[in-house]
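Residues take their numbers from the sequence shown, with the count starting at 1. Below, all heavy atoms of this structure are taken into account, side chains as well, without hydrogens, waters or symmetry copies.
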Amino acid sequence: QTINALRFLYVELYQSDFSFGEIARPRPDRKIPVVILYNLTLFVRGGKGHKDRITFFSDKLKASLLRCMGCKHPTEYLFVTQRGTKYTTRSVQKIFEKAVQKAGIQKTVTCHTLRHCFATHLLEAGTDIRYIQNLLGHASIVTTNIYTKVRNPHLFKIKSPL
């Protein structure tokens, strides 16, 4: 929008030649086509890196989530504050910090740790790393390979030859 405004200013108003070749244009958002999804699938629009993703949630949560959804309209937030507004990022972080304390977890963990745990558990369950890459929205498999170093289930299956 800014580049187009500059072009209009220089070309249309000032009748001047102006080269826009040096100005870097932003990359377009990577959007997934809109499709109807079923069976515990979650469509995340504009997640980390402004990328659309498809993920899933546990079958164990299905009944609880259906109760929370009740008769809410799809445009309404599922979880709202006491004032009926959406939670801010910082509010979610505070709730998570309290839950970590209550659980007695001594390690330093953040909401982002849940993403790492999700990937690691998928890897431990034998999920192909390319599927994990897709779920996490990594452009490069090199980024996803970090999780193979965190915990590699195949290493624990090796028996000592002695």
Next item on the list: Could you grab the distance from atom CD1 of I105 to atom NZ of K102, nearest 0.5 Å is fine?
Entry: 12.5 Å

Note to self: Any non-hydrogen side-chain atom of T113 less than 4.5 Å from a side-chain atom of T110?
What the structure shows: yes

Margin query: Which label fits Y147 and H116: parallel for a plane angle under 30°, tilted from 30 to 60°, or perpendicular past 60°?
Written below: tilted

Notebook entry, point to check: Which heavy atom of L135 sits nearest a heavy atom of I54, and at what distance?
Noted result: CD2-O, 3.2 Å

Check: Is the distance between the ring centroids of F118 and F57 under 6.0 Å?
Finding: no

Notebook entry, point to check: Is there a donor-acceptor pair closer than 3.5 Å between any side-chain N or O of T85 and the backbone N or O of T81?
Noted result: no

Next item on the list: Could you grab the distance from atom OG1 of T120 to atom CD1 of I146, nearest 0.5 Å is fine?
Entry: 10.5 Å

Note to self: Quick check on the hydrophobic clustering: are L78 and L61 connected, directly or via other members, by side-chain heavy-atom contacts under 4.5 Å?
What the structure shows: yes

Notebook entry, point to check: Linking I/L/V/M/F/W/Y whenever any side-chain heavy atoms sit under 4.5 Å apart, do I141 and Y131 land together?
Noted result: no

Next item on the list: Would you indicate whether K72, at its atom NZ, is surrounded by more than 12 heavy atoms from other residues, nucleotides or ligands within a distance under 6.0 Å?
Entry: yes

Notebook entry, point to check: Got a second to check how far L122's CG is from I129's CD1, nearest 0.5 Å?
Noted result: 10.0 Å

Next item on the list: Run through the side-chain heavy atoms of Ile, Leu, Val, Met, Phe, Trp and Tyr, join any pair under 4.5 Å, and report what else lands in V80's cluster.
Entry: Y77

Margin query: Can you tell me how far apart CZ (R115) and OG1 (T55) are? Round to the nearest 0.5 Å.
Written below: 9.5 Å

Note to self: Check whether Q133 reaches the backbone of H138 with its side chain - one donor and one acceptor, N or O, closer than 3.5 Å.
What the structure shows: yes

Margin query: To check you understand the geometry: which heavy-atom pair defines the closest contact between E12 and Q15, and what is its length?
Written below: O-NE2, 2.7 Å

Check: Can you name the side chain to side chain contact (heavy atoms under 4.5 Å, CB included) partners of S140, sequence neighbours left out?
Finding: V142, T143

Item checked: Nearest-0.5 Å distance, OG of residue S58 to CG of residue L65 -> 9.5 Å

Next item on the list: Check whether the side chains of H73 and E76 place a donor and an acceptor atom closer than 3.5 Å, and report yes or no.
Entry: no

Next item on the list: Hey, could you give me the CE/OG distance between M69 and S64, rounded to the nearest 0.5 Å?
Entry: 12.5 Å

Checklist line | Which residues share a salt bridge (Lys or Arg N to Asp or Glu O under 4.0 Å) with R90, sequence neighbours left out | finding: E97

Notebook entry, point to check: Minimum heavy-atom separation for F96 to L114, with atom names?
Noted result: CE1-CD1, 3.7 Å

Note to self: Looking at every non-hydrogen atom in both residues, tell me the closest pair between L136 and A119 and how far apart they are.
What the structure shows: CD1-CB, 3.7 Å

